[in-house]
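Side chains are part of it too, since the values below use all heavy atoms of this structure and drop only hydrogens, waters and symmetry mates. Since the structure is predicted, the reported quantities are computational estimates derived from the model, not experimental observations.
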Amino acid sequence: MQTVDSASAAERLTVVDHPLAGHLLAGLRATDTEPERFRSLTERLAMVLVLEATRHLPTRSASVTTPLAPADVRLLNGNVIAVPILRAGLGLLTAVTGLLPDVQVGYVGLERDEDTLQPVSYYLKVPPLDDRPVLLLDPMLATGGSASFAASLLRERGSTDLTLVCVVAAPEGIARLTADHPDVRIVTAGVDERLNDVGYIVPGLGDFGDRLFGTFGDA
C-alpha cells in the first residue's frame, strides 16, 4: 500500500482500523455483492465511520434523573450538519440521520464540465454553516477534485469545522484535498494503492453510485 507523503495529511487523516470496518469493506469490494446487500453494508460501515468522525464534537455538562438518582451526563453542544455529495453520498446519509436524529441535512450536486473537465455545481442547498460541525459525505476520494470543490463551496458559506467521511481514499485524493484545505479532517475505512489511468481507485470497489443504485450500463 502506498503511503501518504504529506505530514499534514497524516495528521488530519483517520483510517478506521476496526475489525468490523474491515469486514464490511471486504463485502463492498466483492464483485458478487448485489445492490441490496451493497446498500446494507454501506449503511453499517457508514455507522462505524460516523462514530469516528464525530469523536471531536463539542459537548456540555448536564444532569438527568434516572429511575434511581440524578446522574451527571455529557450532551452534544449543538447540532451537526451532514452534506452528501449527490448521488453516491446519499448511501452514507442514513447512518448519520440514524445516529444523530437532530442532524440538519444539506445537499451538493456536482457534475463535470465537459470542456474544462472541472467539477461544477448544479445544485446546492445547505442550512447556515457558521460555527457548526459539518460532515461532508462522499464514498470515494479518488482524484480529490470533487471533494475539494465541494469543500470550497461550503467554506464560502461559512463552514469552519469540516470532516470528509469516505469509504475508500486514494493517496492522490488525500494529497489534493489536504493541499487545498489543510484543516479538513478525513475519515475513511481504507487508503488504497493508487488511481488508474481513468481515475478509478485501485483496488477500490468500482463505481460506488452504480453499485449502490443498481444502474450498471445505464446511459
Side-chain angles (χ1 to χ4, degrees), residues 14 16 21 24-25 28 35-36 38-57 78-112 119-129 132-170 173-174 176-177 180-181 184-190 201 204-215 218:
T14 299
V16 179
L24 295 170
L25 178 57
L28 291 175
E36 182 178 4
F38 192 92
R39 289 189 287 269
S40 175
L41 291 170
T42 296
E43 182 177 346
R44 284 183 275 167
L45 178 55
M47 286 187 179
V48 180
L49 296 174
V50 171
L51 284 172
E52 183 60 41
T54 53
R55 182 184 293 274
H56 72 287
L57 291 180
N79 291 342
V80 176
I81 297 172
V83 182
I85 298 179
L86 301 177
R87 66 179 172 157
L90 294 173
L92 308 180
L93 182 59
T94 301
V96 181
T97 57
L99 290 169
L100 301 167
D102 295 326
V103 68
Q104 291 182 278
V105 179
Y107 298 92
V108 176
L110 301 180
E111 60 187 3
R112 187 173 69 169
V120 295
S121 175
Y122 66 85
Y123 184 79
L124 178 62
K125 181 74 172 180
V126 294
L129 304 179
R132 306 279 297 282
V134 177
L135 301 178
L136 180 62
L137 310 178
D138 192 14
M140 308 296 282
L141 179 59
T143 66
S146 293
S148 178
F149 184 67
S152 294
L153 293 175
L154 299 182
R155 289 285 193 229
E156 292 171 1
R157 283 151 183 82
S159 175
T160 58
D161 183 356
L162 185 58
T163 301
L164 173 71
V165 180
C166 61
V167 171
V168 174
I174 295 170
R176 167 73 182 274
L177 185 59
D180 293 348
H181 303 280
V184 171
R185 290 177 292 272
I186 303 170
V187 176
T188 184
I201 300 174
L205 47 83
D207 188 299
F208 197 97
D210 282 343
R211 298 193 65 188
L212 185 71
F213 295 110
T215 52
D218 288 6

Taking ring-ring contact (aromatic ring centres under 6.0 Å, His included) as the test, write out the residues that go with Phe38, two or more places apart. Phe208
Closest heavy-atom pair, Ser121 versus Leu153, reported as atoms and distance to 0.1 Å, is CB-CD1, 3.9 Å
Basic-acidic side-chain contact under 4.0 Å: Arg211, Asp207: no
For a quick test of reading the model, state the closest non-hydrogen atom pair linking Thr160 to Arg155 and the distance between them. CA-NH1, 3.5 Å
If you apply the rule side chain to side chain contact (heavy atoms under 4.5 Å, CB included), what do you find for Val80 with Arg132, and how did you get there? CA-CA 6 Å; Val80 176; Arg132 306 279 297 282; over 6 Å; no
So do the side chains of Pro139 and Leu92 get within less than 4.5 Å of each other, counting heavy atoms only? yes
Could you check whether any side-chain N or O of Ser159 sits under 3.5 Å from a backbone N or O of Leu129, counting only pairs where one atom can act as donor and the other as acceptor? no
Determine, stepwise, if the pair Tyr107 / Val83 fulfils side chain to side chain contact (heavy atoms under 4.5 Å, CB included). CA-CA 5 Å; Tyr107 298 92; Val83 182; 5.8 Å; no
Determine yes or no for a side-chain-to-main-chain donor-acceptor pair under 3.5 angstrom, with His181 supplying the side chain and Ala151 the backbone. no
Take Val168 and Leu141, measure what side chain to side chain contact (heavy atoms under 4.5 Å, CB included) needs, and give me the verdict at the end. CA-CA 6 Å; Val168 174; Leu141 179 59; over 6 Å; no
With a 3.5 Å cut-off and sequence neighbours excluded, list the donor-acceptor pairs that the side chains of residues 50-57 form with protein atoms.
unit_1 : atom_1 : unit_2 : atom_2 : d
Glu52  : OE1    : Arg55  : NE     : 3.4
Glu52  : OE1    : Arg55  : NH2    : 3.0
Glu52  : OE2    : Arg55  : NE     : 3.1
Thr54  : OG1    : Val50  : O      : 2.8
Thr54  : OG1    : Leu51  : O      : 3.2
His56  : ND1    : Ala53  : O      : 3.1
His56  : NE2    : Asp161 : OD1    : 3.3
His56  : NE2    : Arg185 : NH2    : 2.6

For the residue pair Arg87 and Thr215, confirm or rule out a side-chain donor-acceptor distance under 3.5 Å. yes
Of all heavy-atom pairs linking Pro133 and Asn79, the shortest is CD-O, 3.7 Å
CD1 on Ile81 to CG on Leu135, rounded to 0.5 Å: 9.5 Å
What is the distance from atom CG of Asp138 to atom CG of Leu164, rounded to the nearest 0.5 Å? 6.5 Å
Interatomic distance, OH@Tyr122 vs CG@Leu86, rounded to 0.5 Å, equals 4.5 Å
Do Val184 and Thr163 come close enough that some side-chain heavy atom pair is under 4.5 Å? no
Inter-residue atom distance Leu205.CG - Met140.CE, 0.5 Å rounding: 4.0 Å
So how far is it from Thr97 OG1 to Gln104 CD, rounded to the nearest 0.5 Å? 13.5 Å
One should read off an interatomic distance between Leu41 CG and Leu25 CG, to the nearest 0.5 angstrom, of 10.0 Å
Grab the two heavy atoms, one from Ile85 and one from Leu136, that are nearest each other, plus how far apart they are. CG1-CD1, 3.8 Å
If you take all heavy atoms of Pro84 and Val105, which pair is closest and at what distance? CD-CG1, 4.2 Å
Non-hydrogen side-chain atoms of Val120 and Leu110 separated by less than 4.5 Å: no
Is there a donor-acceptor pair under 3.5 Å between the side chain of Arg176 and the backbone N or O of Thr143? no
Thr188/Val165 under side chain to side chain contact (heavy atoms under 4.5 Å, CB included): CA gap, chis, key distance, verdict: CA-CA 6 Å; Thr188 184; Val165 180; over 6 Å; no
Least distance between heavy atoms, Val108 atom then Ala150 atom: CG1-CB, 4.4 Å
Would you please name every residue forming a side chain to side chain donor-acceptor pair (under 3.5 Å) with Ser40, sequence neighbours left out? Arg44
